[in-house]
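Only a predicted model underlies this, so the values are computations on that prediction, with no experimental measurement involved. The chains referred to below are lettered A, B, ... by the order of the sequence lines, with proteins before strands, and numbering in each begins at 1.
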Amino acid sequence: MNHSKHVLLIEDNPGDADLIRLRLVESKSDVDVACVDRLSTGLEQMTEDPPAVVLLDLNLPDSRGAETFRNVLSKAPGVPVVVLSGQDDEELAVKAVHQGVQDYLVKGAFDSKQLGRAIRYAMERQALLTSLDMSRKQQLQFKDQFLSHVSHELRTPLTSIHQFVTILLDGLAGPVSPEQREHLETILRSAQQLRTMIGDLLEASRTESGKVSLQRRCIAVDQVIEQAVAMLQASARAKQVGLEAAVDSRIPLLYADPDRVLQVLTNLIDNAVKFTPPEGSIMVRACMAELDPDFVYVSVTDTGRGISPEAKALIFERLYQDPNAVDSSRKGLGLGLYISKELVRLHGGKIWVESDPGHGSTFSFTLPLFSPAKLLRPVIVQHGKLREALSLISVRFTPRRTPGGGSWNEIRHECVELLQLCVLPDKDLVLPPMAGAGPDETFLIVASADAAGTNVLANRIREQLRRRSELQASGSFEVSARAIPLPGAESGGSLEKLVGQVADRITEMAMSILRHEEEVTREA
Amino acid sequence: MEKPKILIVDDDPDLRRGLNLRLRANHYDTAYATDGFSAIAMAQKEQPDLIILDLGLPAGDGFVVLERLQQSANLATIPVIVLTARDPQTSREKSLRAGATAFFQKPVDNGELMGAIRTTLRTAWPGTATSA
């Protein structure tokens, strides 16, 4: 049986390589050595048969200096690396160790004992690091499980409180005096607050461990804002705070997860309601910024007491609480803005706050626009020219079972897959799913076809949909088509400009389909 | 005309009692079961118009119940609303895939739940859900 450790020596100088082998034999370390003279061969060997330790010369025919250890560390994390260098360069040595190299020995300046020790310690240290990393991952997972368990267990008694308070409030157990009603409403409010906190706790832990996944779709920003404003209008009114939205209607579609965007918006508006005194007002805006043409800006402005410059720097941190909160017993967990920041970051946007203490604050965030031009180009351009005819086919799905069903990700995936099968990949394009205001879903296909060809494709889609019994059982489908008006040759401009124009037109058409505004020319 | 009958399946006695009160106030008949096994037996015996189902149950959890219901010819058409303390992110999709018509996390807003019950009964049994 062979218990010896496998050492990979990457060294291009045969004399140096022999000397190191000799030192290893002298050190009586129980190792077997494989030697290669190129970094590329070394990296190949490392993936095939990971060694217990790598002895690495820095100046090789195919790599030099710091680049060499960076390459090895990134390709084989977890394998201890000992650099054997011809240069006695303290600065480089420190850099190497900072980046994860276990030791840096200068050739000719070590004996066999020192080499043996360096190899042993390198392996020990690496093993320790690996186990620390493992236990950190386990801890995160444990925390997730723990919080998920706790939130489940907390919800059960909370449900009971909620249920019986509402039974009393609704008079199902006899008449309630005005004073009793007031007290019961206080209990109900607190129970609802508790419910939000439990939800936030789980959500924050999930964002931290990277378990939040976005279900991105094409969405119209005004619809999401309308929904958020409608959800919080009652609590604003109860506090005598005005709540309005002003959205630039020319904003094209966003490419974002509608549920998550709604979550960020309701969180910001809810905060604004909390911190704005009676007679104050809240304004939700969305606009485009010239500086940042790929993003839309959404902001929530209140006339509350504002945020101090010190607090501004910390407000998006986890568990941050305003030390000067007037109503200090109602601070919440300090997770809402942290969750919002993480959700915006996942979309590739940013979030920030501007404030004039005493006069109000504006929380702003950016979300990516849906840019169809890039997706469309390979489909609508042929031989360096725009295609002669293009059409837009829409498939509207109205689910049969809606109450509490939420979004049907699985159905959506199935539909997109089915549509992908119907189209010709280099001629037609299935756009990302679109989210409308209602429970229905709309899928759009850009087809490079004239009226007759479009009709054939639309019929193929209808036929395929009919054959899927599980899709038929879940809802009804309506397939319709219309031609995309193309810019004429006389309009001039480069091809890129033409593609941009078509993309804009498709976006406009998509938005009116989403809003159920258009007059559909249905094909038989 | 007979009132629609709703079978409550939950192992928490407080929840059963509260939901029972709420449903009766909304003019529904109720029956209840406290675990996965008796849920199927009660469904066979009572032939309810709708089932409100918890997921964390002794003797066969909610998903087992959903599966059994789907497998038995005379129970497969009964609509099921899942009402659970579990995380929607992990359980909603799974419940709907397993045949539930709706999913709510506890504590649920009464208006939403009653609305879902009315809609579900109207869709599943046209003409019978007129009592509320």
Side-chain angles (χ1 to χ4, degrees), chain A residues 144-145 147-173 188 191-192 194-196 198-199 201-203 205-207 211-213 215 259-260 399-414 439 470 473-475, chain B residues 10-26 50 52 54-56 76-77 79-124:
Chain A
D144 266 13
Q145 280 169 353
L147 280 174
S148 156
H149 176 76
V150 166
S151 84
H152 178 259
E153 293 306 314
L154 289 177
R155 271 176 196 280
T156 306
L158 180 65
T159 300
S160 201
I161 296 172
H162 184 269
Q163 207 173 23
F164 285 97
V165 170
T166 52
I167 281 172
L168 290 176
L169 271 171
D170 293 348
L172 300 185
L188 187 61
Q192 259 144 3
L194 209 49
R195 175 165 72 164
T196 313
I198 294 169
L201 212 55
L202 198 59
E203 184 80 4
S205 149
R206 248 191 321 236
T207 37
K211 288 224 180 94
V212 174
S213 63
Q215 303 289 337
D259 295 336
R260 297 312 193 169
R400 236 185 280 288
R401 303 186 288 193
T402 47
S407 57
W408 274 41
N409 294 328
E410 296 263 350
I411 294 271
R412 201 177 302 134
H413 285 308
E414 268 174 50
E470 76 279 9
S474 57
Chain B
D10 203 301
D11 57 337
D12 180 30
D14 288 341
L15 185 122
R16 285 199 306 267
R17 197 157 53 86
L19 199 52
N20 183 45
L21 232 152
R22 172 73 58 187
L23 290 172
R24 284 180 178 268
N26 279 273
L50 187 145
I52 295 182
D54 185 20
L55 288 180
T77 53
V80 180
I81 292 179
V82 167
L83 179 59
T84 178
R86 286 197 195 170
D87 185 2
Q89 192 156 324
T90 52
S91 302
R92 164 173 273 149
E93 202 84 31
K94 203 174 158 194
S95 305
L96 298 177
R97 290 294 282 182
T101 47
F103 178 101
F104 290 103
Q105 190 183 26
K106 294 176 188 170
V108 62
D109 179 79
N110 290 307
E112 271 184 56
L113 180 63
M114 293 305 141
I117 291 174
R118 270 197 303 279
T119 322
T120 308
L121 286 174
R122 205 162 38 226
T123 327

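- At a threshold of 4.5 Å between non-hydrogen side-chain atoms, the residues B/Asp87 and A/Arg206 count as touching.
- Chain A forms the most heavy-atom pairs under 4.5 Å with one residue out of B/Asp14, B/Leu21, B/Leu113, B/Thr84, and that residue is B/Asp14.
- With a threshold of 4.5 angstrom between heavy atoms, A/Leu172 approaches chain B through its backbone and through its side chain.
- For B/Asp109, there are no side chain to side chain donor-acceptor pair (under 3.5 Å) partners, not counting sequence neighbours.
- Chosen from B/Asp12, B/Leu19, B/Ile81, the residue pairing most often with chain A at heavy-atom distances under 4.5 Å is B/Leu19.
- At distances below 3.5 Å, at least one donor-acceptor pair connects side-chain atoms of A/Arg195 with backbone N or O atoms of B/Pro107.
- Contact count against chain A (heavy-atom pairs under 4.5 Å) is highest for B/Gln105 among B/Gln105, B/Arg24, B/Arg17.
- For B/Val82, no part sits under 4.5 Å from any heavy atom of chain A, backbone or side chain.
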Donor-acceptor pairs are to be reported for all side-chain atoms of residues 158-169 of chain A against protein atoms at under 3.5 Å, with residues two or more places apart or in another chain.
unit_1, atom_1, unit_2, atom_2, d
A/Thr159, OG1, A/Arg155, O, 2.6
A/Gln163, NE2, B/Leu15, O, 3.4
A/Thr166, OG1, A/His162, O, 2.9
A/Thr166, OG1, A/Gln163, O, 2.8
A/Thr166, OG1, B/Arg22, NH2, 3.2
A/Thr166, OG1, B/Asn110, ND2, 3.0

